[in-house]
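All chains are named by letter (A, B, ...) in the order of the sequence lines, taking the proteins before the strands, and each is independently numbered beginning at 1. Only a predicted model underlies this, so the values are computations on that prediction, with no experimental measurement involved.
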There are 2 protein chains.
Amino acid sequence: MRPKNLEMENAIRTVALQIIAEEGLENLSMQKLAKAVNISPRTIYIKYENKEDLLIKLFIDEVLGAYEKATLEDFDPNAEFAEGVEKLWSNVFNYLKNNKHAFALIQYGKSSPLLNKAYKDQGIRQGDHFKPVHQFLKRHVQKGTINDFPIDVYRALLFSPLLDLVTEYFDHQERSKQIITKAVLAACCQAVIKGMLK
Amino acid sequence: MRPKNLEMENAIRTVALQIIAEEGLENLSMQKLAKAVNISPRTIYIKYENKEDLLIKLFIDEVLGAYEKATLEDFDPNAEFAEGVEKLWSNVFNYLKNNKHAFALIQYGKSSPLLNKAYKDQGIRQGDHFKPVHQFLKRHVQKGTINDFPIDVYRALLFSPLLDLVTEYFDHQERSKQIITKAVLAACCQAVIKGMLK
DNA sequence: AATTAGTAAGTAAACGTTTATATACTTAAA
DNA sequence: TTTAAGTATATAAACGTTTACTTACTAATT
């Protein structure tokens, strides 16, 4: 039996992300993708059932999986509140800064009904991945450090400003001057922490 | 001369927003839109140059324009900091709550390169619309109430958690229990305010 | 060791459908 | 009667996906 060309499988994902980031999800087609990778369209269908399958696997496995993993790297659920949040912020920012294409698809996850649905299904089935963060927050609620909120509300308060700052970071990368400096990020992180402390 | 059917122009925009919200931007086509409005495809081209023109006008005029207007309703740039932010939050939340389809396109504005570009071009050309908010923030920086940040950073800190909470609100609308209650919103708003105060 | 049957990976080209947009015509009001 | 608003229909290109075929390798048989 002829062996799989694993490099090619990787190329499909990389180029797909690139097209989505540069031209938008609405401009990614199977034919365009095949041409860009320099393979036959049929080859994509050996690895993925259809376009929807490709997009969802790209989103869930390639993008969200790596993102969640990077977020939790060296994160200690038993850390002090400020220390823990600072670690999460630096993990997220450093990862996204170096993975612009993945970030683009993450943003689409909030708009596109297809990806959104996949995310919710995934979020409900496998919320364990963020368990250390839940644990961390729960501990601080019990300790009385922070207010008690539903977990999704914490996500909004803790991470959404950061994701917006990443957008700004990329926007200003193309311009002359970067406004999202380390100092600004640190100050924003402190603001978020301060807001959540009781 | 035969007069324009203004109702139809309105129907085009409403139905376009509906399709985008329900099926995604990538599933809006001119023919599908025409069929849904029960007109000829050509009629859309009388009112819009092409698909891109339609999308951008929908995004900028219909959605962002109305959104900014609603945000600033009865907003007083001379208000106390907490009072001002609370007003902005309640304006934004109440507007978006009742304009789910518009909200969907606003979210696409952060992902789609086409809309994103339109937004940036617009943001640079006509930043005056949010002038009262800039004025408000500037005043409080000078008064020493809050830290001095670039304006885009304030947007991230002040509004992005709220937009995430609106997403959560709609997500939970379909389920049994609403977690984004008035009390939760108010508490989040207070957290944001507290974080920004010096 | 040489041959060959079997099989999954891969390709080129095409399928029928849908896309954005254009042409040619009709309608309705000034 | 003129004129723009509107329709029905056509078009070429692009779409997702499939068909028919080739390639590269394994493993069993000579």
Side-chain angles (χ1 to χ4, degrees), chain A residues 1-62 105 108 112-115 117-118, chain B residues 1-60 62 105 108 111-115 117-118:
Chain A
M1 180 175 64
R2 187 173 172 174
K4 277 195 195 187
N5 183 347
L6 289 171
E7 262 178 61
M8 192 173 71
E9 192 151 0
N10 210 58
I12 291 173
R13 294 182 181 220
T14 307
V15 173
L17 277 181
Q18 190 182 329
I19 293 175
I20 292 169
E22 285 167 9
E23 303 175 43
L25 187 58
E26 60 273 27
N27 287 308
L28 174 74
S29 82
M30 299 301 257
Q31 297 189 128
K32 189 190 268 186
L33 175 58
K35 193 168 261 180
V37 180
N38 213 19
I39 55 171
S40 156
R42 182 69 182 84
T43 305
I44 303 174
Y45 285 88
I46 292 168
K47 295 157 200 305
Y48 304 95
E49 224 178 286
N50 49 38
K51 191 182 179 184
E52 194 171 315
D53 183 47
L54 165 65
L55 286 175
I56 288 177
K57 283 189 175 142
L58 204 63
F59 180 55
I60 299 288
D61 303 342
E62 188 88 356
L105 191 53
Y108 264 112
S112 154
L114 170 66
L115 298 182
K117 189 183 171 308
Chain B
M1 177 178 69
R2 187 173 174 176
K4 278 194 194 187
N5 183 347
L6 290 171
E7 260 177 63
M8 194 172 68
E9 193 151 0
N10 209 57
I12 291 174
R13 296 182 181 220
T14 307
V15 173
L17 277 180
Q18 190 182 330
I19 293 175
I20 291 169
E22 285 167 10
E23 304 177 42
L25 187 57
E26 61 273 28
N27 287 308
L28 175 74
S29 81
M30 299 301 259
Q31 297 190 139
K32 188 190 269 186
L33 176 56
K35 192 167 263 181
V37 181
N38 213 17
I39 54 172
S40 155
R42 183 69 182 84
T43 305
I44 304 174
Y45 285 90
I46 293 168
K47 295 158 201 304
Y48 303 96
E49 223 178 284
N50 49 37
K51 193 182 178 182
E52 193 170 317
D53 182 47
L54 164 65
L55 285 175
I56 287 177
K57 281 187 176 144
L58 203 62
F59 181 54
I60 299 288
E62 188 86 357
L105 191 53
Y108 265 111
S111 331
S112 155
L114 170 67
L115 298 182
K117 190 183 171 308

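More than 12 non-hydrogen atoms from other residues, nucleotides or ligands lie less than 6.0 angstrom from NZ of A:K47. Atom CD of B:E23 sits in a crowded spot, with more than 12 heavy atoms from other residues, nucleotides or ligands closer than 6.0 Å.
Looking only at distances, no side-chain donor or acceptor of A:Y108 sits under 3.5 Å from a matching main-chain atom of A:L115. B:K51 contributes no side-chain N or O that, together with a main-chain N or O of B:M30, makes up a donor-acceptor pair within less than 3.5 Å.
Applying the 4.0 Å criterion to OP1 and OP2 of D:dC15, one finds that A:K51 has every side-chain N and O outside that range. When the side-chain nitrogen and oxygen atoms of A:K47 are compared with OP1 and OP2 of C:dG10, one or more of them lie within a distance under 4.0 Å.
Residue A:N50 has its side chain nearest to D:dT17 when only C:dT11, D:dT17, C:dA20 are considered. Considering only the side chain of A:S40, C:dA12 comes nearest among D:dT7, C:dA12, C:dA20. Counting only heavy atoms from C-beta on, A:R42 has its side chain closest to D:dA20 among C:dT21, D:dA20, D:dG6. If you check D:dT7, C:dT19, C:dA12 against the side chain of B:S29, the one that comes closest is C:dT19. Distance from the side chain of A:Q31 is smallest to D:dC15 among D:dG6, C:dG10, D:dC15.
The separation between A:N5 atom CG and C:dA8 atom C1' is 14 Å, rounded to whole Å. Summarising the geometry, the separation between NZ on A:K32 and C1' on D:dA13 is reported as 13 Å, rounded to the nearest angstrom. When rounded to the nearest whole Å, the span between OH of B:Y45 and P of D:dA5 equals 17 Å. If you measure from atom CD of B:E52 to atom C1' of C:dT19, you get 16 Å, rounded to the nearest angstrom. Rounded to whole Å, the distance from CG on A:L28 to C1' on D:dT17 is 15 Å. Between the P atom of C:dG10 and the CE atom of A:M30 lies a distance of 15 Å, rounded to the nearest Å. As rounded to whole Å, 13 Å separates atom P of C:dT18 from atom CG of B:N27. Protein atom CG of B:L33 is 13 Å distant from nucleotide atom C1' of C:dT19, rounded to whole Å.
Closest-nucleotide positions on DNA chain D for A:P41 and B:T43 were compared, and the one nearer the 5' end corresponds to B:T43.
In this structure, A:I44 reaches neither bases nor backbone, as no heavy-atom distance under 4.0 Å exists between it and the strands shown.
A:I60 CD1 to A:K57 NZ: the interatomic distance, rounded to the nearest 0.5 Å, is 11.5 Å.
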